[in-house]
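Can you read through this structure? Questions will come right after.
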Amino acid sequence: MLETLMLSRMQFAANISFHILFPTITIALSWFLVYFKIRFNISNDPIWMRMYRFWVKIFALTFAIGVVTGVTMSFQFGTNWPKFMETVGNIAGPLLGYEVLTAFFLEASFLGIMLFGIKRVPPFVHTMATFIVAFGTTLSAFWILALNSWMQTPQGFEMIDGVAYPTDWFAIIFNPSFPYRLTHMLVASGLTASFLIAGISAYRLLKGDNKRAPYKALKISLSAAMILTVTQVYVGDLHGLNTLEHQPQKIAAMEGVWDTKEGVPLLLFAVVDEENRQNHFEIAVPNLASLILTHDVNGEIKGLNEFKGNHPPVAPLFYAFRIMVGLGFLMLTVSWVSRIILARKKELPRWLLRVLVVMTFSGWVATLAGWYVTEIGRQPWLVTGVLTVKDAATDIASGNVLFSLIAYLIIYVLVMWAYLHTLLTMAKRAIEIEEIDDSQDEYYGPHKIAPKQSNEV
Amino acid sequence: MFDKDTLAVIYVGLMALTVLLYAILDGYDLGVGMLMPLNDDKQADIMIASIGPFWDANETWLVMAIGLLLIAFPEAHSIVFKALYIPTLVLLISLILRGIAFDFRAKAVFTHKPLWNKAFKFGSLFASLSQGYMLGQFIVGFDQSAIGIGFSLLSAVGVAIAYTLIGAAWLVMKCEGELQMRSIKWFHKAIFISGLGVLAVSVVNPLANAAVFDRWLSSPIFWSLPILCAVCFGIALFEINKMITRKSIDANDDQRCWTPFVLTTIIFILCFGGIGLSFFPYIVPGTLTIWEAVAAPQSLNFLLWGAMIVIPTIILYTIYSYKVFWGKVSPLQYY
């Protein structure tokens, strides 16, 4: 039984971690596409269309992987976590239902027009379709994060015979941690897409692509990253304060605080020793944790020992949090330095382009680390105070779960390899070809006849 | 607001509609996938182009159907998918493989294209087979005996052939020239086998299941279904025979190219109606009725408000999207 539980947890973690990578890109990338399209409509400068065309293909690829890996999720609830729906299905159900109804269909239906319809509909309708897809992806984030946040900080319900019944839908959706988590995730998505665009554009520049498009894309993505990194510091701080209020044990684990005390130092690094409930090799800044979390140098922070037996595992939270924050500040530094150099000298030194290439997927790492903090931080609960993970697990034979887990992992490795390989291929192809001299071939209104092109999908 | 019993009926109706739409819509694109020739890249490209703008939305109906089962009948969702754990896995892996192959075949390195074509074809095949197997298991009440599994395997093949049929019908409607001729032949072959399959199920199902037998004889609604179905098969056969014998295809000749698709759709609706009416009000045959499994009314009412506004809207913009890509298929371009 325990074995099935552990395997189910690993499988769910694998499924959702792999899935979230792709929406994290598409949520924000779709807004970049809206921006490119609107700029094109206004200026009629073909460069915007070129950028749109290059990035819409990457969007399509990423979106497709997001869709098919997401289908898995709707089956998982029943197969591996039957008690989840039996206990809180009355609340989780409608939130998931609204996600499918309002978001999935919107994005999936208008995607066809967005990707393949530019010659078949008036320009305005195509821009609208692009906007609707972007709106749909964001709406989808809204609903799923409402549910996720409700599991962290549930309210607006009553328990009758062990089953949760909704009493106030507004309170359920706008539960205490929701606005913070949603904003934090949307900004994370923006950063992930910005660094993806910057990284691939930097790669093209490094390989001698001297067209205007990658340069312009680099500039725009770095500007976006500049604003978003600063925003994220602020939003992340608010989210942390909110967590301190509602899930203090999570904060204690993130900060590695064992005993409740005042004037807590901020641990830049330490080795967490859960067995002896202490840290080794601490590198700390005195009083900083108290200052950040309570906005008072002598503020009190509750330690893990107050929540003995009822707090999440400390080490994963402690390290994942440091990875996330560390990457966040690295992204902040790199985007500001790059953008300022770009503004002054009109080009970036090669080493800085290489740094950007290395950081292409830094958003993924930071996002996953952040999710591990918040999700492992919810343990041992599945729904805080309502249902533990252990009680929700399935009774399927562990052999079956092991088999499915292995099957998923194999397919994920294959998909990831193909995805990265294809991104590289597309970037290389863009260096060699593309660049149509002027606007005539850039855009075909509904009345013009399109010249024959390759059958590229 | 509706009470629990009414909600159970409304939601099972919504779910039936969703599953039916899924079977028709993803049915044709899975069918096209299974039919895709591995030795003719040009035809493969046209076939892919014919489903390109739609497959994402088609697959969303599956998410919706599973979602509705999860939301409205959570207990049934766990019983069904715990019993079908491995077939579900096969379905999901196949759908993942197929979905990514769709994009990768065009965007990856050229030398990998044949590999992705195979992934697309066999992904489509195994997705269809596993759906058929799951349907078979559902009908026999998750019977794992040799007979139960044998029936489910037959059902797997049956559903794959049905999807091939509607896929071929889609291609007859959307394609021209050589590929259309080829699709007409595919349809011709598939309609014979599907006719036999539907006949076999219609005979076996009432014989194997006494309750179903009584129900089928009880009302004209039931026994008119097979008759209507037979009529549709007849007309479809007549139409396709006319197409298969024609020498050249010019525009005038092609005006009835939509008939196989429409007739197949009607056949799908009738067969689906037959299965649905055989088992109502059970959500898990023989074990659990919709009234026993239904979730809390306040939740379902809350979702229903949205559904009543959103579902008609979805249908409207789905129609719009089909109108935008109306007519014979042209190569897919991103711009």
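Remember, it's a predicted structure, so these values are computed and weren't measured experimentally. Just so you know, these numbers use all the heavy atoms, side chains as well, and skip hydrogens, waters and symmetry mates.
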> For A:Ile113, is it the side chain, the backbone, both or neither that has a heavy atom under 4.5 Å from a heavy atom of chain B?
Replying inline: both
> Quick one: which residues of residues 3-18 of chain B reach chain A at under 4.5 angstrom, heavy atoms only?
Replying inline: none
>> Quick check on the interface: out of B:Leu303, B:Ile309, B:Val310, who has the most heavy-atom pairs with chain A under 4.5 Å?
In response: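 Result: the option with the highest number of such pairs is B:Leu303.
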> Is there any residue in residues 311-318 of chain B with a non-hydrogen atom under 4.5 Å from a non-hydrogen atom of chain A, and which ones are they?
Replying inline: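 Counting heavy atoms that sit under 4.5 Å from chain A, the residues of residues 311-318 of chain B involved are B:Ile311, B:Ile314, B:Tyr317, B:Thr318.
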>> Applying the ring-ring contact (aromatic ring centres under 6.0 Å, His included) criterion to A:Tyr98, which one of A:Trp169, A:Phe104, A:Trp143 satisfies it?
In response: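 When ring-ring contact (aromatic ring centres under 6.0 Å, His included) is applied between A:Tyr98 and each of A:Trp169, A:Phe104, A:Trp143, only A:Trp143 qualifies.
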>> For A:Lys57, is there an ion pair with B:Asp103 - N to carboxylate O distance below 4.0 angstrom?
In response: no
> Relative to chain B, which of A:Leu424, A:Thr167, A:Val401, A:Leu95 shows the most heavy atom pairs under 4.5 Å?
Replying inline: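 Ranked by contacts with chain B, first place is A:Val401.
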>> Suppose a student defines contact as a heavy atom less than 4.5 Å from any heavy atom of chain A. Which residues in residues 91-99 of chain B would they list?
In response: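 Those residues of residues 91-99 of chain B which have a heavy atom under 4.5 Å from chain A are B:Leu91, B:Leu92, B:Ile93, B:Leu95, B:Ile96, B:Leu97, B:Gly99.
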>> Measuring only between side-chain heavy atoms, which start at C-beta, is B:Phe102 closer than 4.5 Å to B:Ile51?
In response: yes
>> Quick check for you: among A:Val100, A:Asn400, A:Ile411, which has the greatest number of heavy-atom pairs under 4.5 Å with chain B?
In response: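 Between A:Val100, A:Asn400, A:Ile411, the count favours A:Asn400.
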> What residue pairs, at least two apart or across chains, pass side chain to side chain donor-acceptor pair (under 3.5 Å) with a residue in residues 291-310 of chain B?
Replying inline: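 Side chain to side chain donor-acceptor pair (under 3.5 Å) check on residues 291-310 of chain B returns no pairs.
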>> Shorter than 4.5 Å, heavy atoms on both sides: which option in B:Phe54, B:Trp61, B:Trp55 has the most such pairs with chain A?
In response: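 Heavy-atom pair counts peak at B:Trp61.
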